[in-house]
Every structure is written in structure tokens, then in C-alpha cells.
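To keep things clear, I will list the structure first and then write my remarks on it.
Quick note on labels: first sequence line is chain A, next is B, and so on, each numbered from 1.
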Number of protein chains: 2
Amino acid sequence: MARRKVANTLALAVLGLLQEKSMHPYEMASTLRERGKDGSFKINTGSLYDTVQSLVRHGWITQVETVRDGRRPERTVYTTTEVGQQEFVSWVDELIRTPATEHPKFMAAVSYLGALGPERAAEALDERAGHLDRQIHEARQMLAETVGSGLLPRLFMIEAEYGLHALEAEHAWTLRTSDEIRSGTLSWPEFEQTDQGWAWSAPAERKDAP
Amino acid sequence: MARRKVANTLALAVLGLLQEKSMHPYEMASTLRERGKDGSFKINTGSLYDTVQSLVRHGWITQVETVRDGRRPERTVYTTTEVGQQEFVSWVDELIRTPATEHPKFMAAVSYLGALGPERAAEALDERAGHLDRQIHEARQMLAETVGSGLLPRLFMIEAEYGLHALEAEHAWTLRTSDEIRSGTLSWPEFEQTDQGWAWSAPAERKDAP
DNA sequence: TATCGTATAGTCGGATCCGACTAATGGAGG
DNA sequence: CCTCCATTAGTCGGATCCGACTATACGATA
């Protein structure tokens, strides 16, 4: 699979918006924020203007006009090209089809959970679970309001459903793991200082399985 | 919460390794890969040397010596400072405690699932589910082998358990959503070209709930 | 009517990231 | 004993990203 010319997801958002109508960058940012898509895309004005430039360079979008409203600063308006439209669809297709290995910060931290010691680790996990719980409730309520009211077809909020599902899974794992630490199911190996740093002595593995 | 001086997770990996013993960057990379931590950290030699430099600048690690083995290129060996050790623990603590909003590519793509149309969307989701299924089996087997053999305490593979759990959740959602599309539970609004781009006509919302 | 805050629209320089490259060594195979 | 390839160890320049900043306009308020 050949590497994509423009790989950041903000470019996908730009292409998606220009599918609907032509816009200037500032409007893209505010539209995305209005629609609550800032959970799916990292919207940073600096990056946005760079991304737009890069899309222009690759011929996926073009400048339509530069209008000046009153004495406000000029706005440069863009549209997709035909290439850009095809690229958009095939990119979405590929992103859905083939899972990409992401590197979430949480997983990085979990791989050093041992460094906290059992008590602090369990406590930290519980605190996380609390935050996640709040986020889950917010997400549920947001979905209920927006979709339930019939303002927007459910398909247009489907990524929020995915986000909620992911949150719930993480919440479940977090709580379960903290329980396992507290109940001793997940045991802490003992660390010892050696000449060359730290080593662990694994808790004796019992071989009493049938 | 004040912004961290060094924020990328590769730095966390470096600090973690130097907790055990002093190392030169190349050894860090190969150790991480050997231990299969390349799922949790994005290991790129270029970034690694930059990260190490940055850690030195902030006083979290220091150069111990530069050895030359035979006529091989010089290796520069590093250790953590006391500040670095404290920073490491408090960073892990923070990363566990407070969830950070990540922006996975999949979620970005899902938010434009509509662009594929129902058939192609369902098909793409199924293909993803297939890939995920394979990854899940690999992960399960790897865990069974490594932990089951007692070579390594379970705590040291805990992030793989988390990864597996996340994969399973994503797999479940992917399959469920593809089912919903096929069964019509998740309906596609009809798109219409208007003067200014595309608009959708929402499928009639039935108000026949009790 | 002077001023304060907010919305509009975008620029810029430095930090970070990453892939592609260099260069030497040790060992396997013919 | 010559060649080829994998391993060891790291450099470098360009691409990307991002936060902090500028500058104008509009509306509310004192």
C-alpha cells in the first residue's frame, strides 16, 4: 500500500467539508467545532492553513476566489477538484478497511504501571475510571439529545457512538484491572537492586493446574 | 495542569529503560523491539536520538561515557538523573490518572462513513473486522505463550492485555455496525445536490414510541 | 462616546518528527 | 578468501506541527 501524499486526518476533514460547499479555512474550523467534530479531528488553526496549502499543492483542492467583506481581512475560498473528490472517498474506504496501529499514551503508561507500586496504581486507575465515567455520561446525553431530537440523522453522529463504545471498553478494563490489583489476582513481582540496576524476582509460579 | 517539557511517549520509554540500567540509544531501540513494546511506543531511530537529546537538555538523563568497541562507531551511554527518576514516576501516574483525548484515524474515517454508501460501507467494515480478528488471535496466542510459560510476570505484559481488550471492543463495534447497516437499523439519509453543494433529506422520523 | 471583550481571519518562527542515508563490522556461503 | 548480507550505531535535511501572536471589526456597556 503506497504511502499517502497527505496523511493527517485534518486534511480528511477539509476534503469532507469541501464536498458540501466551498469554504475559507476559518469557516472550516468553526463549522467543525460547531458540529462537535473536534473529538474526531485535532483542529489547530496553524495546522489547518498548512494542511490547506498542502492539499492545494497536491491538486486535491483549489482556490476559487478571494473576497473581502467590508474592511475585514481577505478570505480565500477553496473547493475540491475531481481528483480531490475521488481521493476523499478512496481514503475513507482505506481507513475503514485496514486497521492502523495507533500508539495511545495510555497504553504507553500502562506498560510502566509496575513503577507505581500496587496501591498507587490501583488508586490511579480508579481516578481514571471516575473521569471516564463522567465522559461516558456526557457522551450518552449528547447523543440522546442530538439524535433523539431528530435534528440530525443518526449516521451523522455515528463516530460519537464509536467514541462512546471505546470509552466504555476502556472504563471496564480500568475498573477490572484495579480490582485485580486489590484482590491480588494481578500480583506485583518484587524488585531488587542489583549491580547493574533493577531486577525483579517473579512471584513463585504455582504449577497446580490440572 | 502545566504542560510537560518533554511530551512524547518515546521519552517515557527511554526513562523506563534507563531505570533498569544505563544504555546507549541503539540498545534502547533493540531492547524495546525485543520485548515487543513496539505496539506501545512508536520506535523510530531518528526520533529516538532527538528525544534523548531533549531529555539531556532538560536534565532528566545524562551522558555517562562514550565507549568504542573495537573499531565500531562510538556509543554514547546514558543514565537517568534523580530528577529524571521522579519525573518518570509522576509522569506515569499522571498518564494513568487523567484520560487524554486522542484522535484515532479510524474515528476520523467513521465520521465520513456516509460517503461510502451503505453497501460499500458494510463491506469495508467487514474487511476491517477480518483484520482485527486476525490481530486478536495473534495477541491472544502471544499472551498465552509469554505469560503462560512463566518467563515473565503477568504485570510486565499488562499493556498487551489492554491492547487486546481494546481490539476486541473495536471488533465488536465494527461487526455490530456492519450488521446494522445490512439490516437497515442504521439508515442512510438521501443526498441531494443543491445549488451550493450537497444536502441530505433525513429519513422520516417516526414518532410511534409510547 | 470611549473602552472592553469577543469574533473574524490568518501569519510566523521555532520545535518536533521522520525517512533515507552513511559507514563499519562480523559471519555465512560459494 | 572473496563477496554479500545482516547487524550495529548514528546523522541529517526536509516536512510537519503547533502555539503564540497580529490586526481589524463589531457590539455591549459604562
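Summarising the geometry, the separation between CD on B:Gln63 and P on D:dA9 is reported as 16 Å, rounded to the nearest angstrom. Across the protein-nucleic acid pair, B:His24 atom NE2 and D:dT8 atom P stand 9 Å apart, rounded to whole Å. Rounded to whole angstrom, the span from the CD atom of B:Gln53 across to the C1' atom of C:dC17 amounts to 15 Å. Per the geometry, OH belonging to B:Tyr49 stands 7 Å off P belonging to D:dT11, to the nearest Å. Distance, B:Leu48 CG to D:dC12 P: 16 Å, rounded to whole Å. Rounding to whole angstrom units, CG of residue A:Asn8 and C1' of D:dC17 are separated by 9 Å. A straight line from CZ of B:Arg75 to P of D:dT7 spans 18 Å, rounded to a whole angstrom. Between the CD atom of A:Glu27 and the C1' atom of C:dA7 there is a distance of 14 Å, rounded to whole Å.
The stretch residues 107-120 of chain A participates, sequence neighbours left out, in these salt bridge (Lys or Arg N to Asp or Glu O under 4.0 Å) pairs: A:Arg120-B:Asp93. Identified under the ring pair (Phe, Tyr, Trp, His ring centres under 6.0 Å) test for residues 92-134 of chain B, with sequence neighbours left out: A:Phe88-B:Tyr112, A:Tyr162-B:Phe106. Applying the salt bridge (Lys or Arg N to Asp or Glu O under 4.0 Å) rule to pairs touching residues 35-48 of chain A yields A:Glu20-A:Arg35, A:Lys37-A:Glu159, sequence neighbours excluded.
Checked against salt bridge (Lys or Arg N to Asp or Glu O under 4.0 Å), A:Arg140 has the following partners two or more places apart in sequence or in another chain: A:Glu168. Here B:Gln141 pairs with B:Glu145 under the side-chain contact (heavy atoms from CB on, under 4.5 Å) rule; sequence neighbours left out.
Residue contacts for B:Thr76: at a heavy-atom cut-off of 4.0 Å it reaches the sugar-phosphate backbone alone, with no base atom in range.
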Return the polar atom pairs (N/O with N/O) between nucleotides 18-20 of chain D and the protein under 3.5 Å, or none.
residue, atom, partner, partner atom, Å
D:dC18, OP2, A:Ser47, OG, 3.3
D:dC18, N4, A:Asp50, OD2, 3.1
D:dG19, OP2, A:Asn44, ND2, 2.7

### Task
Determine, stepwise, if the pair A:Arg75 / A:Glu65 fulfils salt bridge (Lys or Arg N to Asp or Glu O under 4.0 Å).
CA-CA 8 Å; A:Arg75 302 170 309 177; A:Glu65 45 171 3; over 6 Å; no
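Phosphate contact (OP1/OP2 of C:dT8, side-chain N/O of A:Tyr26, threshold under 4.0 Å): present.
A salt bridge is absent between B:Arg134 and B:Glu138; no separation between the charged side-chain nitrogens and carboxylate oxygens falls under 4.0 Å.
The side chain of A:Arg57 has D:dT16 as its nearest neighbour among D:dG10, D:dC17, D:dT16.
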